[in-house]
There are 2 protein chains.
Amino acid sequence: MPYVMVQIPNSAAPAAPQPRSVPTSADVARLAGVSRATVSYVLNNTSAVRISEPTRRRVHEAAEELGYVPHAAARSLRAGHSRMVLMPAPNVPIGPLYSQFINELQWALSRLDYTVVQYASVGLRGDEAARAWAELRPAAVLVPVGGLGPQGVAVLKRSGARAVVTLGSERIEGAHSLLIDHEGVGRVAGAHLYARGRRRIGVVVPEEPGLKVFSKPRLDGVRGALEGTDATVTVLPLAYEEESAARLAARWPELGLDAVFGFNDEYAMLLMRALQDEGVTVPDDTALVGADDLILGRLLRPRLSTVHIELPAGRDLAELVDRAVRNPGATPETHHVLGATLVHRDSS
Amino acid sequence: MPYVMVQIPNSAAPAAPQPRSVPTSADVARLAGVSRATVSYVLNNTSAVRISEPTRRRVHEAAEELGYVPHAAARSLRAGHSRMVLMPAPNVPIGPLYSQFINELQWALSRLDYTVVQYASVGLRGDEAARAWAELRPAAVLVPVGGLGPQGVAVLKRSGARAVVTLGSERIEGAHSLLIDHEGVGRVAGAHLYARGRRRIGVVVPEEPGLKVFSKPRLDGVRGALEGTDATVTVLPLAYEEESAARLAARWPELGLDAVFGFNDEYAMLLMRALQDEGVTVPDDTALVGADDLILGRLLRPRLSTVHIELPAGRDLAELVDRAVRNPGATPETHHVLGATLVHRDSS
DNA sequence: GCGCTTTACTGAAACGCTTCAGAAAGATCG
DNA sequence: CGATCTTTCTGAAGCGTTTCAGTAAAGCGC
């Protein structure tokens, strides 16, 4: 029995209020003694139409009294477009770095008067997901990682999305792309380890399926950095559990590695502990580099070297979205986000 | 210059397709040579009306050819209600435990045919936020932490939300409440430390503002557990930075504490490292307990004792939501989620 | 061939909002 | 005083769906 939900009897059972239907602008109009048009003009501060002060007040009072809240669907149906920016929520927890970026982005977009909505399409894949998003008729769709092909982009555009922006390591036909340079992350790590004199270099690749979109380019980056040198690259599958790390560490002598890029700080920390428990000393026997520059990485001993990743400022991405929405016909922009720098601490 | 966004010229500039207006069900009807009603019946598989197989096929083909995607706003406008469950996205990153819970919940709700939407209302507070949510006319609103008063609940209900469920440590009038027993977390930690013979007990309280909703009840829980004993409780404000932890650790001799509840594993780890750097030994000089049972807590030495928190299964919460939506008049349920158990490792 | 049911569909209304075109009433002007 | 302008407001259309009520055609029993 994994958990318990205990119902507590409520002390005061409030009389269920009669289910009045929700007030519409027509109700407001009736109460204020004006037309629906006037209500709309007043509540939206429409500048093209002048409404006298007394009327304005009556409308506002009526709206207040009824607790009127406009109906977003009706509004955007009439308007023919929305100010909604859809962001498929990643189904993999991606850590504090990313969620802070999301926050910043949302803030920036809301400044530009967009409404950011995170939409989880759990089971759906590919075009099915795109269809589901398209039903909401968002002004723009911001796709964080993989999971959307050119077909999906086409579906979204056909259904009126004025901008599709992808955020990942690959460009997608038809969409604006913000290329996050995951390869660069691997490249920086690989180059650093090589420069420290390491030659037999392992690369942790998480077994968790959702992380492949990150791990693949990072691995490629390490490979790229070492191409043409005498260094070798060994792929190290690792699940995020202590036992998996212990198993990997137990094979260490036979692997004969003198350095590891740990995919990110969390996996690196996990592996470091397992290695130390196996009697492998870091960095003497094996150097270790993580990525993401988490605070926790500084708490281990030796302190974890890491690749600091600079995500684009939310404000800039928000402006890209806004530009794209304003000018939907323009050719998709492709931006390269640079931001991998090595933070050298004690583990390498 | 915190980051760089480099624009890469696109190789192939695809000719901007003429902005055909997005196809509606009327277009599908025209192409298939049937009425809009028929299109609706076919595409929704309406069981009450029989449509012949050839007609069905023609409609489906037409829809496919045009790339028709229904308009959610129009649909829910007509229907008078939606299957949308709104979840205000917390603006504080709340760690892997919580985000896994969210995932599970979304999955469970989508099984019940709800659409889960996370909505960030960054700047807004209290009733303003409730208003913004109400505009979307969700079937239910699921409010994770604080930030919604009885007034907000009233606004939502008046605008047609059939269920408002709060998820936190306080009950809110008019809403179904799932009380997550943060006090229990503190209580368990406090009792454990007392049982281990500790009497001068510190409690870390994060300075990050968004975390107060958690830290307050946890602190109360520790106090509650120690009430009537000879133990003392000392509040230890701590920001999530190394310097803050170092400053706190430097004051350790004068504080004279023999135990600390670290709010959660992350803060506990931060503090543990600072204490060790200060020459304080854990657990001999000072015992330490975290919370959340993160994997990383097992990686430090000594291994971190922690309070394991069992969140409700997403499936059960989803069922609560569904029940509430089906029967909006019912008195709000209050459930108590029990789930704090101490995991004793080496740090206490 | 007549009434009846069944089948397969269609017309039109309604959901709540915005906005265009116009109207009532007063102000201004020649 | 009639014509014109300004101010302040209103009527009605329309956004894309769903669905109720209705209808034409066909089938059936007699």
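Numbers restart at 1 for each chain; the letters A, B, ... are given by sequence-line order, proteins then strands.
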With a cut-off of 6.0 Å (strictly less than), are more than 12 heavy atoms of other residues, nucleotides or ligands near CD of B/Gln151?
no
Any N/O pairs under 3.5 Å between the protein and nucleotides 4-7 of chain C? List them or say none.
none

- Item | Minimum side-chain heavy-atom gap A/Leu317-A/Val165 below 4.5 Å | yes
Rounded to whole Å, CG of A/Leu66 lies from P of C/dG16 at a distance of 14 Å
Decide yes or no for A/Ile102 and A/Gln118: does some side-chain heavy atom of the first lie under 4.5 Å from some side-chain heavy atom of the second?
yes
Practice problem: Apply side chain to side chain contact (heavy atoms under 4.5 Å, CB included) to B/Leu31 and B/Val28, showing your working. | Solution: CA-CA 5 Å; B/Leu31 182 57; B/Val28 177; 5.9 Å; no
| message | So B/Thr55, base contact, sugar-phosphate only, or nothing? Heavy-atom distance under 4.0 Å. | response | sugar-phosphate
note: A/Asp27, atom CG; C/dC17, atom C1'; distance rounded to Å ~ 13 Å
Scoring nucleotides 17-25 of chain D by protein non-hydrogen atoms under 4.0 Å (B base, S sugar-phosphate only, - none) yields BBBB-----
Taking for B/Ile51 and for B/Leu77 the nucleotide of DNA chain C with the nearest heavy atom, the one nearer the 5' end belongs to B/Ile51
Do A/Lys157 side-chain atoms and A/Ala175 backbone N/O form a donor-acceptor pair below 3.5 Å?
no
note: B/Arg58, atom CZ; C/dC9, atom C1'; distance rounded to Å ~ 11 Å
B/Arg137 versus A/Val22: any side-chain heavy-atom pair under 4.5 Å?
yes
Are more than 12 heavy atoms, taken from residues, nucleotides or ligands other than A/Arg315, located less than 6.0 Å from that residue's CZ atom? no
Can you tell me if A/Ser177 uses its side chain to pair, donor with acceptor, with the backbone of A/Leu179 under 3.5 Å? no
Angle separating the five-pair end axes of the helix from C/dG1-D/dC30 to C/dG30-D/dC1, nearest 10°, is 60°
- State whether the number of non-hydrogen atoms from other residues, nucleotides or ligands found under 6.0 Å of A/Arg83 atom CZ is greater than 12. yes
Using atom types as modelled and distance alone, determine if a side-chain donor or acceptor of B/His176 lies under 3.5 Å from a backbone N or O of B/Glu333.
yes
Review point. Under the 3.5 angstrom rule, does the side chain of B/Asn44 hit a backbone N or O of B/Ser40 as a donor-acceptor pair?
Key: yes
A/Leu43 atom CG is separated from C/dG16 atom P, nearest whole Å, by 16 Å
